[in-house]
Amino acid sequence: MKPFNARSLRFVLPAALALVLVLGARAESVLPSPPTFAVAALLQETNKPWNQPVVLEGFVAAVCPRSGKKAWLHDTNSEAAGTVRVEAGTSPVFEKDLIGKTVRVTGILRELRMDAAYFDSWESRVKGSNTTIEKKDNCTEKCEENQSVEAALKRITALRAQAAKTANGCLSAFWVDSEHWEIVTAGARQ
Amino acid sequence: MIRKWHWRGIFRVLHRDLGYLFFGATVIYAVSGIAINHRNHWNPSYSIRREELPLPPAGTNQPLTRADATNVLGQVGVREAYQNHYSPEPGQVRIFFQGGNATVNRSAGTVVVESIQRRPLLHTFNKLHYNPGLWWTWFADAYSVALLLLAVTGLFLLRGHHGITRRGGLLTAIGILLPAVLVYFYL
């Protein structure tokens with residue numbers, strides 16, 4: 001058997017590097033693409049992929065008038081009910097003239113579970129300060145950021161009552177943290 | 001011959017050249033700053049025109065089909081293409097068209113047509129003010145550093161009666177105290 005020759009590394013190392021690159025590229029190319037949901041399908045999905053990448057398609061029904069960092073997507077079927085909130089995480093903000101256009105959002109599906117402890121904490125924050133709304137977690141299309149303390153407490157009471165009616169005593173709010181979005185229908189700029 | 005720079009001379013050159021260099025950014029931030037400051041009273045980026053009209057017969061159909069929605073738009077004088085429609089709450093249908101929306105209110109028997117247009121220049125200025133991306137972050141950071149330098153060098157441009165040790169000092173103190181007083185009473 002030939003003794004080990006250090007000079008042979010000249011060929012072995014580049015070959016190993018090339019192999020790693022090729023295998024790496026293959027591995028990247030076979031990564032599963034995230035599941036695509038229409039808004040209505042995501043709303044009805046019983047086994048939602050929390051904290052997983054998803055692609056969501058729908059038309060923009062509303063945009064946060066203050067920051068443009070949130071948009072509410074409705075199913076492209078006009079008869080369907082409900083919207084899903086999308087937060088412009090690392091993606092560009094949502095312009096007001098995007099309303100009505102169909103978009104495809106790629107992002108992470110997040111969930112907020114609102115149970116008794118959550119409502120208690122929210123209530124104490126509302127009573128203890130001028131913070132009347134959960135800006136991040138429980139924001140709605142109506143932009144209730146500047147609502148009065150009384151209105152906020154009323155809303156908490158209403159949500160508590162809704163939660164009490166559920167089997168596990170808690171409400172689930174969810175949204176998509178957008179990493180990228182694109183207009184599906186033509187006629188507007190991002 | 002090597003010219004020796006006095007620190008006041010360096011400050012003057014910095015103040016002058018940074019002032020020239022960042023004149024454009026100052027205008028962008030100042031104009032959009034005023035516009036955004038008053039966003040509770042107007043929409044700083046979009047010009048929105050609202051018109052309330054009587055509900056045409058096609059708007060009463062339930063459920064409102066795409067053909068009905070297109071008819072409603074035509075009957076209230078909207079020429080732009082239909083995009084989508086949905087019901088945000090019972091008795092209400094919002095129809096989107098290119099450049100606006102029409103909200104059908106069945107109980108009131110009205111259609112409110114909203115036409116939305118970007119304000120020229122101001123829309124872009126406001127978008128920059130809100131930081132549209134990393135490329136602007138770097139520029140805005142450079143501008144912020146330049147503003148600090150402009151402020152500091154500006155204090156020491158003049159000597160004597162109008163300098164920092166006399167009238168200039170008094171005005172600077174007022175400029176610092178004023179926001180402090182406002183913070184104390186209102187924040």
Side-chain angles (χ1 to χ4, degrees), chain A residues 38-40 43 57-85 88-103 129-130 140-143 145-147 178-181 183-190, chain B residues 36 39-48 61-70 72-73 78 80-90 92-104 114-119 123-124 126-137 186-187:
Chain A
V39 171
L43 286 167
E57 259 187 45
F59 72 81
V60 181
V63 163
C64 172
R66 297 183 73 86
S67 65
K69 287 183 177 170
K70 300 176 195 84
W72 284 265
L73 262 55
H74 187 278
D75 198 90
T76 47
N77 171 15
S78 299
E79 300 302 319
T83 55
V84 172
R85 192 173 91 228
T90 52
S91 65
V93 296
F94 303 99
E95 294 281 351
K96 193 174 173 65
D97 49 11
L98 200 63
I99 295 175
K101 293 182 175 66
T102 303
V103 294
S129 72
N130 292 325
T140 70
E141 295 161 54
K142 290 176 183 164
C143 192
E145 199 177 304
N146 291 325
Q147 66 180 185
S178 164
E179 288 169 353
H180 169 78
W181 60 262
I183 298 170
V184 178
T185 49
R189 291 171 294 148
Q190 184 170 322
Chain B
I36 293 166
R39 67 184 170 195
N40 287 340
H41 308 290
W42 78 319
N43 190 313
S45 297
Y46 293 92
S47 160
I48 301 170
N61 294 351
Q62 281 188 17
L64 200 83
T65 62
R66 181 184 173 138
D68 294 328
T70 310
V72 169
L73 291 181
V78 173
E80 286 77 13
Y82 162 94
Q83 285 182 321
N84 284 300
H85 75 279
Y86 84 116
S87 174
E89 49 192 86
Q92 222 181 56
V93 179
R94 190 158 294 144
I95 309 165
F96 298 105
F97 57 87
Q98 198 79 265
N101 65 75
T103 305
V104 170
E114 259 189 7
S115 304
I116 301 162
Q117 268 193 321
R118 288 183 177 191
R119 293 187 192 279
H123 175 270
T124 310
N126 295 339
K127 199 167 177 177
L128 291 173
H129 200 123
Y130 280 124
N131 193 1
L134 193 65
W135 52 275
W136 184 259
T137 306
Y186 296 107
L187 206 65

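Chain A is the first sequence line, chain B the second, and so forth, proteins listed ahead of strands; every chain is numbered from 1.
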- Query: What closest approach, in Å, do B:N84 and A:T76 show between heavy atoms, and which atom pair accounts for it?
  - Reply: OD1-O, 4.4 Å
- Message: Quick check on A:E79: does its CD atom have over 12 non-hydrogen neighbours (other residues, nucleotides or ligands) under 6.0 Å away?
- Response: yes
- Flag the pair B:S45 / A:K96 as yes when at least one side-chain heavy-atom distance between them is below 4.5 Å, and no otherwise. no
- Task: Counting only heavy atoms closer than 4.5 Å, note whether B:I48 contacts chain A via side chain, backbone, both or neither.
- Result: side chain
- Task: Identify the heavy atoms of A:I99 and B:Q83 that sit nearest to each other, and give their distance.
- Result: O-OE1, 4.0 Å
- Task: Return the set of residues passing side chain to side chain donor-acceptor pair (under 3.5 Å) with B:T103 (not counting sequence neighbours), or none when no residue passes.
- Result: B:R94
- Task: Taking all non-hydrogen atoms of both residues into account, name the closest pair between A:A61 and B:F96 and its distance.
- Result: O-CZ, 3.8 Å
- Task: Of all the heavy-atom pairs spanning A:F59 and B:H85, show the shortest one and how long it is.
- Result: CZ-O, 3.8 Å
